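Worksheet: the structure to be examined is printed underneath.
Keep in mind that what you see is a predicted model, and the values were worked out from it rather than measured.
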Amino acid sequence: MGPDLLIVLLVMFLGVGVPLWAVIDAANRPAVAFYGAGSNKVAWIAVLVVAFFLGVGVLLGGYYLLFTRPKVRQQFASMSH
């Protein structure tokens, strides 16, 4: 198992894992939390799925996880209290 195989496996894991994580996370959050965060749940899921098939899922999935998800989580936390 050489370093080239490890790089390929890492790229494959990121290419599938990041968008999959983002879609699962978005699907499990309530739509009202997205609305409160100034976003749209259905649009995010659709964009993430399309981006995955276009080969840019890791980029948009990463954007969702780093920037949109924290806002949605904050909205959900404030709704719970």
Side-chain angles (χ1 to χ4, degrees):
M1 200 160 140
D4 53 342
L5 181 60
L6 291 175
I7 292 170
V8 169
L9 290 175
L10 179 64
V11 169
M12 285 176 42
F13 173 75
L14 290 175
V16 173
V18 170
L20 183 61
W21 177 19
V23 168
I24 291 170
D25 183 80
N28 286 318
R29 307 251 178 229
V32 68
F34 278 85
Y35 180 74
S39 197
N40 184 300
K41 176 180 181 168
V42 175
W44 261 113
I45 293 172
V47 164
L48 290 166
V49 169
V50 170
F52 171 76
F53 286 109
L54 293 176
V56 293
V58 70
L59 297 175
L60 288 175
Y63 181 88
Y64 168 81
L65 292 170
L66 291 173
F67 299 106
T68 304
R69 181 177 182 248
K71 294 176 189 174
V72 173
R73 287 180 67 189
Q74 184 178 20
Q75 286 296 317
F76 181 67
S78 67
M79 291 174 8
S80 301
H81 291 97

Which atom pair, heavy atoms only, marks the closest approach of Leu60 to Trp44?
O-CZ3, 3.9 Å

Measure the shortest side-chain to side-chain distance between Phe34 and Asn40 over non-hydrogen atoms and say whether it is less than 4.5 angstrom.
no

Would you mind reporting whether Tyr64 and Asp25 have side-chain heavy atoms less than 4.5 Å apart?
yes

Does Trp21 share a hydrophobic cluster with Leu10, counting links as ILVMFWY side-chain heavy atoms below 4.5 Å and allowing steps through other members?
yes

For Val50, the option from Leu54, Leu48, Val47 that meets side-chain contact (heavy atoms from CB on, under 4.5 Å):
Leu54

If Ile, Leu, Val, Met, Phe, Trp and Tyr residues are connected whenever their side-chain heavy atoms lie under 4.5 Å apart, and connections chain through other members, are Ile24 and Phe67 in the same group?
no

Report whether Phe53 and Val58 are members of the same hydrophobic cluster (ILVMFWY, side-chain heavy atoms less than 4.5 Å apart, transitive linking).
yes

Just by modelled atom types, is the Arg29 backbone N or O under 3.5 Å from a matching donor or acceptor in the Lys41 side chain?
yes

N/O donor-acceptor pairs under 3.5 Å from side chains in residues 11-18, not counting sequence neighbours:
none

Are Leu65 and Val49 linked, directly or through other ILVMFWY residues, by side chains that come within less than 4.5 angstrom of each other?
yes

Do Val56 and Tyr63 land in one hydrophobic cluster if side-chain heavy atoms of ILVMFWY residues count as linked below 4.5 Å?
yes

